[in-house]
Amino acid sequence: MSTVLKNVRIIDPSRNLDEVGTIIIGADGNILAAGKDAQNQGFPEGTTVRDAKGLVATPGLVDARVFVGEPGAEHRETIESASRAAAAGGVTSMIVMPDTDPVIDDIALVEFVKKTARDKALVHVYPAAALTKGLRGDEMTEFGMLKEAGAVAFTNGRKALSDTAVLRRAMTYARELGAVIALETRDQYIGHGDMNEGLLASWLGLSGIPKEAEIIPLERDLRIAALTRANYHAAKISVRESADAMKAAKDRGVKATCGVSINHLTLNENDIGEYRTFFKLSPPLRSEDDRMSMVEALKDGTIDIIVSSHDPQDVDTKRLPFSDAASGAVGLETMLSAALRLYHSDHVPLMRLIDALSTRPARIFGLDAGTLKPGAKADITLIDLDEPWLVSERNLVSRSKNTPFEDARFTGRTVATYVAGKLVHSTH
């Protein structure tokens, strides 16, 4: 059955389009037309028409860094439950990390993720494969076979990669295959600690993680990316100097991109308060000056994409003393609403936000997503920019509830999510 969204504001960064018009979705789940000119077209008989006046339609969001518990820790999150959380947050495509048990480091596990997603997921799920076997950092996986099986990127997940010979070899192979190497920039030797190094850490009596734990491996990675001419992606940066290093590398012609967690755009170290472990993240929440530097770097395009860094944890790993608690927070359901804080405060234009949440991650990782052009899959996020809502544990779909936004008041949320033309989530 065909579907029509009429009187909707269409924001499509892939076409630099921002206008009120109509979206026509064919019975095959593809977009037939999207724009003001589509208002004059006839609709097929039996079409479902939705008047979306006052709402915004964007390409379905693409989350490029999602951790799930399946296989091995299904009590925290399954592919199915993560997909429901994604749909509730307007995310229609997500890249899942290989940090599972067993690690996604061979063809069988890539195929397991794809089959499970086909059978159970509401949204598109793309596996990222481990860069090294078992994420141990010493022996490369079979890049060619894993990419052919469906891996869209290679990463060492949460683990730091310290062996530069392995990294150089991996980037060289990735270049030949046209693959992306996506790494966390964390030095495993000076990167141990509880929170951002500084006066607040001293007051709280917690061990600090210096900025250099991020800057040193990032600058190293950028140099090796330049040497090998590989497609390199810094998964999450958090400090001003990292943004400066990324800008300088791009200006030199290095094929480098980077992301930032929504948490590091909207929260800072002061939110930790009295040892609130839901705010223990990796990288740690930084100073307000660094947060604003991330916002500016996002606005000017130095930072390419926003990720939720969705990382489900449970009572056994979070309800502990701060130093003993695991890092990580869920974020699929709150990423868009938190990002809209930057729009409502006039810090980042809406077009740039949607580009960072959808079009650009799709382009970086070669996904069939991030656009509303005719002929594309009808992956659509329908947004009410002004709807107020309160985040609570009760209304989170994710199996885990470790959100740093508990009791946060947001303005703007996803009201409907379409995946290949099918309505998979609706609040109205």
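The chain is numbered in sequence order, starting from 1.
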Lys/Arg-Asp/Glu bridge criterion (N-O < 4.0 Å) met for E288, R291 | yes
Can you find a side-chain donor-acceptor pair between D311 and S309 that sits under 3.5 Å?
-> no
Without hydrogens or angle criteria, can the side chains of S14 and D12 be said to hold a donor-acceptor pair below 3.5 Å?
-> yes
Indicate, with yes or no, if the rings of H233 and F365 have centres closer together than 6.0 Å.
-> yes
D304 side chain reached by K250 side chain, heavy atoms, under 4.5 Å | yes
Does any non-hydrogen side-chain atom of I306 lie less than 4.5 Å from one of L353?
-> yes
Judged by modelled atom types alone, do H310 and D63 share a side-chain donor-acceptor pair under 3.5 Å?
-> no
Is there a side-chain contact between I305 and T257 (heavy atoms, below 4.5 Å)?
-> no
Side chains of H344 and D386: does their closest heavy-atom pair fall under 4.5 Å?
-> yes
Is the shortest heavy-atom distance from the side chain of I272 to the side chain of M195 under 4.5 Å?
-> yes
Return the set of residues passing salt bridge (Lys or Arg N to Asp or Glu O under 4.0 Å) with K115 (not counting sequence neighbours), or none when no residue passes.
-> D119
May I ask you to check whether over 12 heavy atoms, not counting those of R252, lie within 6.0 Å of atom CZ?
-> yes
Side chain to side chain donor-acceptor pair (under 3.5 Å) partners for H264, two or more places apart | none
Ion pair R76/D314, N-O distance below 4.0 Å = yes
Go through the side-chain N and O atoms of E77 and S398 and say whether any donor and acceptor fall under 3.5 Å apart.
-> yes
Inter-residue atom distance S308.OG - F67.CZ, 0.5 Å rounding | 9.5 Å
Looking at residues at least two apart in the chain, or sitting in another chain, which of them share a ring pair (Phe, Tyr, Trp, His ring centres under 6.0 Å) with F410?
-> W389, F405
Distance, nearest 0.5 Å, that separates OG of S83 from NE2 of H425 = 12.5 Å
Is E241 salt-bridged to K211, cutoff N-O under 4.0 Å?
-> yes
Return each pair, listed once, that meets salt bridge (Lys or Arg N to Asp or Glu O under 4.0 Å) where at least one residue sits in residues 219-231; pairs must be two or more places apart or across chains.
-> none
Roughly how far apart are E212 CD and I190 CD1, rounded to 0.5 Å?
-> 6.5 Å
Distance from I224 atom CD1 to T228 atom OG1, nearest 0.5 Å?
-> 7.5 Å
D51 backbone acceptor or donor facing N7 side chain under 3.5 Å | no
Just how far is it from atom CG of L200 to atom CG of L206, taken to the nearest 0.5 Å?
-> 8.0 Å
Rounded to the nearest 0.5 angstrom, the OH-CD1 distance for Y232 and I181 is 10.0 Å
With sequence neighbours left out, write down each residue that passes salt bridge (Lys or Arg N to Asp or Glu O under 4.0 Å) with R341, or none if nothing qualifies.
-> none
Check step by step if side chain to side chain contact (heavy atoms under 4.5 Å, CB included) holds for I262 and T334.
-> CA-CA 9 Å; I262 186 60; T334 52; 5.8 Å; no
Any side-chain heavy atom of E214 sitting closer than 4.5 Å to one from I209?
-> no
side-chain hydrogen bond (donor to acceptor under 3.5 Å, both in side chains) contacts in which one or both residues fall within residues 177-192, not counting sequence neighbours = R65-E184, S162-Q188, E184-K236
Side chain proximity check, P349 to Y343, heavy atoms < 4.5 angstrom = no
Salt-bridge contact K247-D251 (side-chain N to carboxylate O under 4.0 Å) = yes
Using a strict cut-off of less than 4.0 Å between a Lys/Arg side-chain nitrogen and an Asp/Glu carboxylate oxygen, indicate whether D18 and R9 qualify as a salt bridge.
-> yes
